[in-house]
Amino acid sequence: MTTFAELGVDQDIVEALAVKGIVDAFPIQEQTIPLGLPGQDIIGQAKTGTGKTFGFGIPVVQRLGPTPAPGVQALIVVPTRELCVQVYEDMDMLTSGRPTSVVAIYGGKAYEGQIDQLKAGAQIVVGTPGRLIDLNNQRLLDLSHATEVVLDEADKMLDLGFLPDIEKIFSKVPAVRHTQLFSATMPGPIVALARRFMSNPIHIRATDPDEGLTQANINHLVYRAHSLDKDEVIARILQAEGRGKTVIFTRTKRAAQRLSDELGDRGFNTASVHGDMSQEARERSMAGFKAGKKDVLIATDVAARGIDVDDVTHVINHTIPDDEKTYLHRAGRTGRAGKTGIAVTFVDWEDLHKWALINRALEFGQPEPVETYSSSPHLFSDLDIPAGTKGRIVTAPKTQAVRVQPERAADAAAEVETNGQAPRRRRRRRGGDAERVGSTFEPVEGAGSSTSEQNGASDDGARSTEGGGTHDGGGKEHHDGKPAPRRRRRRRGGSGGGSAPAGGAAVGA
DNA sequence: AAAAAAG
């Protein structure tokens, strides 16, 4: 481990980091900070949650000097408003020991405060493309002296949706400048495109060549969902022992809102964030989730990239993402800064081809998603990562799934309605729902063991598969009829284990 | 095709 001081980081920044408990530099920081400080153009690539922001942020702050003159000298461009706020906060922290000031420029907010801060002489601007261009057009944001330029989530900023804006922004900053592009994912064609905006960039990949493509601290579970059953399965995951915060991703804004309402009705402490919400509501959701007042965040891909929240133990893909890059970024909301996490993905029938693509691209070596049943919640409470399976697929444990008894499901639902805050609306077709929960399932015998064998057979032997199947196969207390959660119930700390009968056969790739 | 990003 290298300390920041050893990398040439100024004392005031070292102290600002120390206040946050950050002492040792991560590999991407060790590699990019010494290059960024003297002004080397960098394409920085490192897995999710491994410290990229400070990798570019520290050199930006130091290159402006200890007491910079007023005026925008650094520009950091990000793809979403929430990430803008987060990166702003990081940069504000880094500059807390010096007069350098930072401003966040993004849409959905009043212009006034942002303009005031620019007029007051902010030196570092963190912004989203639309508002940056807007203020630049209004001659309220002068970018002609921004000699430090960063694209965070660079591959996203350079994709078709953003590229015209980015080209516009690059046309407004000095031709002679220091340019840094960072992301966890950098496809070859994007790297080639990126070079147009850089001079002699060096491409840093802070990854162990022996590692897979996925983040080692995250385990992955993939299931083919019974669509009528998905809400129920997700509700069961949310009752897993040892669960900390959870982020659930949907494909559309409408689905995010519906699921948020549904899980809220079931008594979970939910927040949501998507583009149909007011910016105020979006920020309230994020703040509540970060602070722990809410422990379930339902989001579109607006939250897929960059968002850093402590103690997210589960990521759930309610709908499978479109490609492997989005998969990595979504899953990367957990397993950050060395912590462990689990990513559960549901694949609808019509999306099986998407799974095939992701499976191949990420080298999971999982031929078919496993069937899922809401009656087997223990499938989803595995936070322990068995040796030899890091960052790989983990499949169902060899336990027998048990069907939810309709009457008990109804009891659980009734309990939700009678405790604490009333649901926003009554569940529809209460009895019918409960009936359906029981009747949707196919026979479940061997749900665990057969899938494990199936997956084991897919192992090509390249990776060790030891360490799986170490669990008790019991966990009867979780098999069915577990009451719906009470409001404010907290499940904190620990990494699975305990009463969670998690575990399972691990599959190499 | 969806989501994001100005209003």
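All values below were derived from every heavy atom in this structure, side-chain atoms included, with hydrogens, water molecules and symmetry-related copies excluded. To find a chain, count down the sequence lines: A is the first, B the second, and so on, and within it residues start at 1.
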Considering every strand and a 4.0 Å limit on heavy-atom distances, what is the contact class for A:Asp134: base, sugar-phosphate, or nothing? base
At 4.0 Å (heavy atoms only), tell me whether A:Gly275 reaches a base, stays on the sugar-phosphate, or touches nothing. sugar-phosphate
[N] phosphate, OP1 or OP2, under 4.0 Å from [X] side-chain N/O:
X: A:Thr80; N: B:dA3; answer: no
X: A:Arg305; N: B:dA4; answer: no
X: A:Arg282; N: B:dA5; answer: yes
X: A:Lys156; N: B:dA3; answer: no

Integer-rounded Å distance: [N] [atom2] and [X] [atom1]:
X: A:Met277; N: B:dA5; atom1: CE; atom2: C1'; answer: 17 Å
X: A:Asp159; N: B:dA4; atom1: CG; atom2: C1'; answer: 9 Å
X: A:Leu160; N: B:dA3; atom1: CG; atom2: P; answer: 18 Å
X: A:Asp351; N: B:dA1; atom1: CG; atom2: P; answer: 15 Å
X: A:Arg81; N: B:dA3; atom1: CZ; atom2: C1'; answer: 12 Å
X: A:Lys354; N: B:dA1; atom1: NZ; atom2: C1'; answer: 8 Å
X: A:Arg330; N: B:dA2; atom1: CZ; atom2: P; answer: 15 Å
X: A:Leu141; N: B:dA6; atom1: CG; atom2: P; answer: 13 Å

State, to 0.1 Å, how close A:Leu140 and A:Ile115 come at their nearest heavy-atom pair, and which atoms those are. CD1-CD1, 3.6 Å
Counting only N and O atoms by type, is there a donor-acceptor contact under 3.5 Å from the side chain of A:Ser285 to the main-chain atoms of A:Ser272? yes
I'd like to know if the side chain of A:Lys230 reaches the main chain of A:Phe346, judged simply by a donor and an acceptor atom lying under 3.5 Å from each other, with no hydrogens or angles considered. no
Does some side-chain heavy atom of A:Leu181 sit less than 4.5 Å from a side-chain heavy atom of A:Phe197? no
With a 4.0 Å cut-off on N to O distance, would you call A:Asp295 and A:Lys245 a salt bridge? no
Between B:dA6, B:dA1, B:dA4, which one does the side chain of A:Asp322 approach most closely? B:dA1
Let's see if you can work this out: which of B:dA1, B:dA6, B:dA5 has an atom nearest to the side-chain heavy atoms of A:Tyr111? B:dA6
